[in-house]
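Read the structure below first, then the notes.
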Amino acid sequence: MDSNLISEQIFSTSSVVLTIIYYVIYAVTMWKVFVKAGYPGILALIPIVNWVFLVKIAGMSGWFALLYLIPFVNIIFAIVVAIKEGKNFGKGGAFSFFLLWFLPFIGHLIIGFGSAQYKKV
């Protein structure tokens, strides 16, 4: 057997496994964030619906989640949502930008399992 083919299969399999592990951990952290904000945690697992409730957690109307579907606008909107979400959990702008927008896996882990309390500003 060709060694290149075997290494490609191993790399592909390990990538899929790592992606699944990342998604499961991120889903658990989002579940905790939703529960802290007073929403059912199961909503964090439903694609697109989780955008609507994340926007609500940020203190905006759920209809604004449609802005995630517009190219380039979605990047700016995601930054705004991250900053407002961080503010509602008592976090500053730098934390919100870097850990809720740029590295949401880490930021939501800190908010979900940390001592942050949700207060709608």
Side-chain angles (χ1 to χ4, degrees):
M1 225 178 190
D2 188 15
S3 65
N4 263 350
L5 182 61
I6 292 172
S7 65
E8 287 176 15
Q9 288 174 342
I10 290 171
F11 180 73
S12 175
T13 304
S14 63
S15 296
V16 169
V17 169
L18 288 176
T19 302
I20 290 171
I21 290 170
Y22 171 80
Y23 178 76
V24 167
I25 293 172
Y26 188 67
V28 169
T29 61
M30 286 301 293
W31 186 299
K32 293 288 288 180
V33 169
F34 275 48
V35 168
K36 274 191 173 185
Y39 293 103
I42 193 78
L43 295 174
L45 303 179
I46 305 169
I48 300 175
V49 172
N50 59 9
W51 291 348
V52 172
F53 286 94
L54 193 60
V55 169
K56 285 184 172 189
I57 290 170
M60 301 160 57
S61 172
W63 286 102
F64 281 110
L66 292 173
L67 293 175
Y68 278 120
L69 301 174
I70 303 171
F72 302 110
V73 173
N74 58 1
I75 296 170
I76 303 302
F77 182 66
I79 294 170
V80 170
V81 168
I83 290 172
K84 287 186 172 214
E85 177 190 1
K87 197 174 288 184
N88 286 341
F89 278 102
K91 302 296 182 183
F95 176 91
S96 299
F97 179 79
F98 290 109
L99 293 179
L100 291 178
W101 178 71
F102 192 65
L103 298 169
F105 174 80
I106 297 170
H108 286 121
L109 184 70
I110 292 170
I111 286 177
F113 289 97
S115 62
Q117 297 294 320
Y118 180 74
K119 290 179 240 163
K120 192 170 183 179
V121 177

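Counting heavy atoms from C-beta outward, V28 and I25 have side chains that stay 4.5 Å or more apart. Residues W31 and I42 meet the side-chain proximity criterion, which asks for heavy atoms closer than 4.5 Å. Between I57 and K120 there is no side-chain heavy-atom pair separated by less than 4.5 Å.
In this structure, CG on N88 lies 12.5 Å from CD1 on I83, to the nearest 0.5 angstrom.
Nearest approach of S96 to G86, heavy atoms of both residues: OG-CA, 3.2 Å. Contact record, L45 with Y23: O-OH, 3.7 Å, taken as the closest heavy-atom pair. Minimum heavy-atom separation, V55 to S61: CG1-O, 3.2 Å.
Among pairs with a residue in residues 74-83, none fulfils side chain to side chain donor-acceptor pair (under 3.5 Å), at least two apart in sequence or across chains. Among pairs with a residue in residues 36-58, none fulfils side chain to side chain donor-acceptor pair (under 3.5 Å), at least two apart in sequence or across chains.
Checked against ring-ring contact (aromatic ring centres under 6.0 Å, His included), F89 has the following partners two or more places apart in sequence or in another chain: Y118. Under the side-chain contact (heavy atoms from CB on, under 4.5 Å) criterion, L67 pairs with F64, I70, V73, F77, not counting sequence neighbours. With sequence neighbours left out, the side-chain contact (heavy atoms from CB on, under 4.5 Å) criterion links K87 to V121.
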Fill in: I48 and Y68: CA distance, side-chain angles, deciding distance, side chain to side chain contact (heavy atoms under 4.5 Å, CB included) verdict
CA-CA 9 Å; I48 300 175; Y68 278 120; over 6 Å; no
Got a list of side-chain donor-acceptor pairs under 3.5 Å for residues 101-115, not counting sequence neighbours?
| residue | atom | partner | partner atom | Å |
| --- | --- | --- | --- | --- |
| H108 | ND1 | Y26 | OH | 3.3 |
| H108 | ND1 | P104 | O | 3.1 |
| H108 | NE2 | E85 | OE1 | 3.4 |
| H108 | NE2 | E85 | OE2 | 2.9 |

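Linking Ile, Leu, Val, Met, Phe, Trp and Tyr whenever their side-chain heavy atoms come within less than 4.5 Å leaves F72 and I79 in two separate clusters. Put simply, L43 and V24 are part of two different groups of oily side chains (I, L, V, M, F, W, Y) that touch within less than 4.5 Å, one to the next.
Residue-environment remark: NZ (K84) stays at or below the threshold of 12 foreign heavy atoms within 6.0 Å. Annotation: F98, atom CZ; neighbour count of heavy atoms from other residues, nucleotides and ligands within 6.0 Å does not exceed 12.
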